[in-house]
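Presented below is the structure to which this report refers.
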Amino acid sequence: MAPRFNFLLHAFLCLALATTSFSLSPKFYDNLCPQALPAIKRIVEAAVHREPRMGASLLRLHFHDCFVNGCDGSLLLDSTSAFETEKNARGNFNSVRGFEVVDQIKAEVDRVCGRPVVSCADILVVAARDSVLALGGPTWKVRLGRRDSTTASRTLADSVLPSASMDLPALINNFKNQGLNKRDLVALSGGHTIGLSQCVIFRNRIYNATSIDPAFAKERRATCPRTGGNTNLAPFDPTPARFDTAYFKNLVKERGLLTSDQALFSGGSTDKLVETYSKNPDAFWVDFGKSMIRMGNIKPLTGKQGQIRVNCRKVN
């Protein structure tokens, strides 16, 4: 009887391992390395305290990683002879930032865990959540257990990352291609309640758009001339270091900074949701957390897929 019992026990354990390794879970590191998440939080809080803009930068890294072949840390990889980095893609070049903070987190997490057990992909997910929290926003239970990709694709990044010039139908379609709906689109766009944008990205809107508050356009033109000043920064809303609903209040007043921001409140199917979020912070916070979880679930590598990188910038 004993051998049969041992066999059944072994079979059960294998099945349990298979099940847990292929599904993301908030408890993934509870036994593997309970110090991991507190270590990430410490470094994110310090980085955001030093420079509040870093919170938005870390949130954006997660977003731009997930939209290109899933949340697999591919955005962090530098170019090799085999592929060109996604950092050079149109939506990323000279704008994605925060890689040094990710390196710092990785070094610290590997130190406290004693070995590389936390993936770079999971670091991005947790850092995004902790950034929002550090700037006064909501928290949510992140699901973990992703593994890192062994390749990247600048070409794919060029074709799938949403652009600042997109209208509402293009944005809805872009998110739909990722398995995300209109509510996800509006909630996740609300991430623009923190951070800044470069003049080159919003210049066309402030000089040529008709659906823009004239006083707001004038204000933005003061630091974004028709020519030159491409990297001059402007906030998406009046409180760029606070995760609040000012972004949506701006949209209702036609003070959206990017064309893709104002597209969410332009007489289309998302107007009502923008109005709801502008008046109800709780509704926004709840939906933002849900949508972040949904985005974090895009095509993760789990189990024996991919690897746990030792250095987030290169394949092992």
- Note on the structure: OG of Ser189 to CG of Leu171, rounded to nearest 0.5 Å, is 6.5 Å
- How close do Met54 and Gly98 get, heavy atom to heavy atom, and via which atoms? SD-CA, 3.6 Å
- Item | Derivation of the salt bridge (Lys or Arg N to Asp or Glu O under 4.0 Å) call for Arg111 and Glu108 | CA-CA 5 Å; Arg111 187 188 71 78; Glu108 179 60 11; 2.9 Å; yes
- With rounding to the nearest 0.5 Å, note down the distance linking CZ in Phe243 to CG in Leu135. 9.0 Å
- Query: Do the ring centers of Tyr277 and Tyr247 come within less than 6.0 Å of each other?
  - Reply: no
- Honestly curious: do Ile298 and Leu77 fall in one hydrophobic cluster under the side-chain, below-4.5 Å linking rule? no
- Message: What verdict does the salt bridge (Lys or Arg N to Asp or Glu O under 4.0 Å) test give for Arg255 and Asp213, after you've listed the backbone C-alpha separation in whole Å, the side-chain angles of each residue and the deciding distance to 0.1 Å?
- Response: CA-CA 6 Å; Arg255 294 170 76 91; Asp213 172 50; 2.6 Å; yes
- Message: Test your reading of the model: is there a side-chain donor-acceptor pair from Arg129 to the backbone of Pro138, 3.5 Å cut-off?
- Response: no
- Query: Are Thr193 and Asp244 linked by a side-chain donor-acceptor pair shorter than 3.5 Å?
  - Reply: yes
- Query: So which of Val126, Asp30, Leu24 actually passes side-chain contact (heavy atoms from CB on, under 4.5 Å) with Leu144?
  - Reply: Val126
- Task: Run the numbers on Ser165 and Arg205 for side chain to side chain contact (heavy atoms under 4.5 Å, CB included), then give the verdict.
- Result: CA-CA 9 Å; Ser165 59; Arg205 172 159 163 76; over 6 Å; no
- Side-chain heavy-atom pair Asp72, Arg146 within 4.5 angstrom cut-off: no
- CG/Asn31: more than 12 non-hydrogen atoms of other groups inside 6.0 Å: no
- Item | Any side-chain donor near an acceptor of the partner, Asp261 and His192, under 3.5 Å | yes
- Is the closest side-chain heavy-atom distance between Gln262 and Leu257 below 4.5 Å? no
- Calculate, to the nearest 0.5 Å, the distance between atoms CG and OG1 belonging to Asn88 and Thr155 respectively. 11.0 Å
- Shared hydrophobic cluster, Leu76 / Leu301 (ILVMFWY, side-chain heavy atoms < 4.5 Å): no
- Message: So, taking the atom named CD in Gln178 and the one named NZ in Lys176, what distance separates them when rounded to the nearest 0.5 Å?
- Response: 13.0 Å
- Query: So, the side chain of Asp148 versus the backbone of Ala121: is there a donor-acceptor pair under 3.5 Å, distance only?
  - Reply: yes
- Message: For the residue pair Ser211 / Glu254, report whether a side-chain donor-acceptor contact shorter than 3.5 Å exists.
- Response: no
- Between Ala187 and Ser291, the two heavy atoms sitting closest are CB-OG, 3.8 Å
- Query: Within a strict 4.5 Å, meaning less than it, do heavy atoms of the Ser269 and Ile172 side chains meet?
  - Reply: yes
- Query: Do Leu180 and Asn174 come close enough that some side-chain heavy atom pair is under 4.5 Å?
  - Reply: no
- Are any side-chain N or O atoms of Asp158 and backbone N or O atoms of Arg90, one a donor and one an acceptor, separated by less than 3.5 Å? yes
- Message: Counting only heavy atoms from other residues, nucleotides and ligands, does the tally under 6.0 Å from CZ of Arg221 exceed 12?
- Response: yes
- Tell me whether Leu124 is reachable from Ile308 by hopping between hydrophobic residues (I, L, V, M, F, W, Y) whose side-chain heavy atoms are closer than 4.5 Å. no
- Message: Side chains of His62 and Met292, heavy atoms from C-beta outward: is any pair under 4.5 Å?
- Response: yes
- Message: Within this structure, what is the OG-CD distance for the pair Ser149 and Gln305, rounded to the nearest 0.5 Å?
- Response: 11.5 Å
- Message: Checking the side chain of Arg203 only, and the main-chain atoms of Pro225 only, is there a donor and an acceptor separated by less than 3.5 Å?
- Response: yes
- Is the shortest heavy-atom distance from the side chain of Arg294 to the side chain of Asn181 under 4.5 Å? yes
- Message: Closer than 3.5 angstrom, by distance alone: can the side chain of Ser119 be matched with the main-chain N or O of Asp122 as a donor-acceptor pair?
- Response: yes
- Indicate the atoms forming the closest heavy-atom contact of Lys106 with Val118, along with that distance. NZ-O, 3.0 Å
- Item | Minimum heavy-atom distance between Phe248 and Val186, given as atom pair plus value | CZ-O, 3.5 Å
- Message: Between Thr302 and Arg147, does the side chain to side chain contact (heavy atoms under 4.5 Å, CB included) criterion hold? Intermediate values first, please.
- Response: CA-CA 6 Å; Thr302 57; Arg147 287 167 68 84; 5.6 Å; no
- Tell me, please, whether Phe265 has Lys253 positioned over its six-membered ring: NZ or CZ under 6.0 Å from the ring centre and within 45 degrees of its axis? no
- For the student: nearest non-hydrogen atoms of Pro162 and Phe63, plus distance: CG-CZ, 3.9 Å
- Separation of Cys224 SG from Phe202 CZ (nearest 0.5 Å): 4.5 Å
- Message: For Phe175 and Phe67, take the angle between the two ring planes, folded into 0 to 90°, and tell me which bin it lands in: parallel under 30, tilted 30 to 60, perpendicular over 60.
- Response: perpendicular
- Message: Side chains of Ser95 and Arg60 only: does a donor on one sit below 3.5 Å from an acceptor on the other?
- Response: yes
- Please check if atom CZ in Arg313 has more than 12 non-hydrogen atoms from other residues, nucleotides or ligands closer than 6.0 Å. yes
- Could you list the residues that satisfy salt bridge (Lys or Arg N to Asp or Glu O under 4.0 Å) with Arg97, not counting sequence neighbours? Glu51
- Message: Ignoring hydrogens, what is the shortest heavy-atom contact between Ser74 and Ala152? Give both atom names and the distance.
- Response: O-CB, 3.7 Å
- Task: Answer yes or no: is there a donor N or O on one side and an acceptor on the other, between the side chain of Asp167 and the main chain of Ala263, under 3.5 Å?
- Result: no
- Item | Derivation and outcome, side chain to side chain contact (heavy atoms under 4.5 Å, CB included), residues Asn69 and Leu156 | CA-CA 8 Å; Asn69 217 10; Leu156 185 63; 3.9 Å; yes
- Message: Do Gln198 and Asn230 make a side-chain contact, defined as non-hydrogen atoms from C-beta onward lying under 4.5 Å apart?
- Response: no
- Spell out, yes or no, whether Phe216 and Leu258 are grouped together once hydrophobic residues are joined by side-chain heavy atoms under 4.5 Å, including indirect joins. yes
- Item | side-chain contact (heavy atoms from CB on, under 4.5 Å) partner of Val315, the single match among Thr150, Thr151, Val310, Asp78 | Thr150
- Is it true that a side-chain atom of Gln104 and a backbone atom of Ile43 form a donor plus acceptor pair closer than 3.5 Å? no
- Query: Is the closest side-chain heavy-atom distance between Leu196 and Phe236 below 4.5 Å?
  - Reply: no
- Query: Just by distance, do the side chain of Asn250 and the backbone of Gly256 share a donor-acceptor pair under 3.5 Å?
  - Reply: no
- Applying the 4.5 Å side-chain criterion to the ILVMFWY set and letting contacts propagate, would Val112 and Ile40 be lumped into a single cluster? no
- Task: Take Leu75 and Val68, measure what side chain to side chain contact (heavy atoms under 4.5 Å, CB included) needs, and give me the verdict at the end.
- Result: CA-CA 8 Å; Leu75 174 56; Val68 185; over 6 Å; no
- How about Tyr207: does its OH atom have over 12 heavy atoms from other parts shown lying under 6.0 Å from it? yes
